Amino acid sequence: EYEGDRDGEGQRHGFGKARLPNGDTYEGEYEHGLRSGQGTYRFKNGALYTGNYLQNKKHGKGVFFYPDGSKYAGDWVHDQRQGYGEYLYANGDTYTGEWANNKRHGQGTYVYKETGSKYVGCWVNGIQNGPAELIHLNHRFKGRFLNGKPLGRGKFVFDIGCEQHGEYIQPVQVKETEEEDEDEPPLPVEPIWKVSEITKLTPWSPHDEE
């Protein structure tokens, strides 16, 4: 069903309202039969997108409300979250920063609602990767991350005015017995923090070593 403007060839063009065969609805601008310009698309499952379209794809600025209560507001390119945007997750966590191909990618800040901690730094394909700062209530960690875990040199900075320098080391896995099933994937091993010294506040940052 469609009610609205059409062009000389009878295609949807200008402003219109449509109900799609799957039960979704769209109200907004069209260009020669395709959703282009400003519009609001309501999904049958409760999701909703309001923002810019280009040739039937979310493109430009827009806000997407997901069925689980989460929400993304920011840039879109060809139906993907891409550019800069803010995502509010269903559990109350937030991410504000750069996106590529629907994933957190580039510089961004992730705030954990439960603890109030936040990660400020680099992301690669949705995972914490590169120089970053992990800020907690009364101390922070400055260092580098690899695949979501801190690794290598870094320091903890305490609000009382001192720093603990050291490095995160990836422990080597030791097999308990020879009979273990070779097919079993190894359990992920948490990096271990090894302290080297405690100092007063210094200006060291993970970017210094690059």
Side-chain angles (χ1 to χ4, degrees), residues 58-64 66 68 70-174 185-210:
K58 298 184 282 291
H59 193 92
K61 298 257 181 234
V63 184
F64 200 114
Y66 297 88
D68 65 359
S70 58
K71 165 189 159 183
Y72 171 80
D75 298 329
W76 297 82
V77 176
H78 295 311
D79 263 345
Q80 309 265 328
R81 295 189 292 271
Q82 180 133 340
Y84 188 88
E86 179 170 334
Y87 201 115
L88 167 65
Y89 294 87
N91 66 357
D93 291 357
T94 57
Y95 171 80
T96 309
E98 295 175 299
W99 294 79
N101 300 322
N102 270 341
K103 293 185 173 162
R104 302 183 289 265
H105 189 87
Q107 281 290 122
T109 298
Y110 191 101
V111 180
Y112 300 88
K113 180 173 188 281
E114 199 182 328
T115 59
S117 298
K118 60 181 169 182
Y119 172 97
V120 182
C122 291
W123 298 77
V124 177
N125 287 329
I127 295 168
Q128 298 170 342
N129 223 36
E133 213 169 331
L134 197 52
I135 302 165
H136 303 291
L137 253 41
N138 57 2
H139 70 285
R140 58 184 63 199
F141 170 76
K142 283 183 168 193
R144 299 181 73 87
F145 281 70
L146 184 68
N147 293 327
K149 301 269 195 268
L151 202 62
R153 281 192 54 203
K155 67 178 184 179
F156 284 91
V157 182
F158 296 92
D159 289 0
I160 52 172
C162 68
E163 296 180 346
Q164 188 185 72
H165 297 252
E167 62 180 313
Y168 272 103
I169 296 162
Q170 188 66 56
V172 180
Q173 280 192 301
V174 183
L187 290 167
V189 184
E190 292 292 317
I192 293 166
W193 175 247
K194 190 176 162 210
V195 180
S196 58
E197 59 174 339
I198 294 188
T199 67
K200 60 184 197 312
L201 299 181
T202 64
W204 182 87
S205 105
H207 296 277
D208 295 347
E209 292 180 11
E210 288 181 20

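Keep in mind it's a predicted model, so treat the numbers as computed, not measured.
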[X] versus [Y], closest heavy-atom pair with distance:
{"X": "K118", "Y": "T109", "answer": "CD-CG2, 4.1 Å"}
{"X": "W193", "Y": "G154", "answer": "CH2-O, 3.5 Å"}
{"X": "K194", "Y": "I169", "answer": "CD-CD1, 3.4 Å"}
{"X": "V77", "Y": "H59", "answer": "CA-ND1, 3.6 Å"}
{"X": "P191", "Y": "P150", "answer": "CG-O, 3.4 Å"}
{"X": "R144", "Y": "P131", "answer": "NH1-CG, 3.6 Å"}

Problem set entry | Parallel, tilted or perpendicular, as decided by the 30° and 60° cut-offs, for the rings of Y72 and W99 | perpendicular
Does the [X] side chain pair with the main chain of [Y], one donor and one acceptor, at a distance under 3.5 Å?
{"X": "Q170", "Y": "L151", "value": "no"}
{"X": "E86", "Y": "A73", "value": "no"}
{"X": "Q164", "Y": "I198", "value": "no"}

Taking side chain as C-beta onward, heavy atoms only, is [X] less than 4.5 Å from [Y]?
{"X": "N91", "Y": "K113", "answer": "no"}
{"X": "D75", "Y": "Q82", "answer": "no"}
{"X": "T96", "Y": "Y84", "answer": "yes"}

Quick one: salt bridge (charged side-chain N to carboxylate O under 4.0 Å, His left out) partners of [X], sequence neighbours excluded?
{"X": "E190", "value": "K149"}
{"X": "K58", "value": "D79"}
{"X": "K71", "value": "none"}
{"X": "R81", "value": "none"}

Exercise. When rounded to the nearest 0.5 angstrom, what distance separates OH in Y110 from OH in Y89?
Worked result: 5.5 Å
Only pairs under 3.5 Å count here: list side-chain donor-acceptor contacts from residues 119-130, not counting sequence neighbours, and write none if there are none.
{"residue": "Y119", "atom": "OH", "partner": "C122", "partner atom": "O", "Å": "2.7"}
{"residue": "W123", "atom": "NE1", "partner": "G108", "partner atom": "O", "Å": "3.3"}
{"residue": "Q128", "atom": "NE2", "partner": "Y112", "partner atom": "OH", "Å": "3.0"}
{"residue": "N129", "atom": "OD1", "partner": "N147", "partner atom": "N", "Å": "2.7"}

Exercise. More than 12 foreign heavy atoms under 6.0 Å from CD of E197: is that the case here?
Worked result: yes
With a 3.5 Å cut-off and sequence neighbours excluded, list the donor-acceptor pairs that the side chains of residues 134-141 form with protein atoms.
{"residue": "H136", "atom": "ND1", "partner": "S117", "partner atom": "OG", "Å": "2.8"}
{"residue": "R140", "atom": "NH1", "partner": "E133", "partner atom": "OE2", "Å": "2.7"}

Exercise. Stepwise, does the side chain to side chain contact (heavy atoms under 4.5 Å, CB included) test hold for T199 with K155?
Worked result: CA-CA 10 Å; T199 67; K155 67 178 184 179; over 6 Å; no
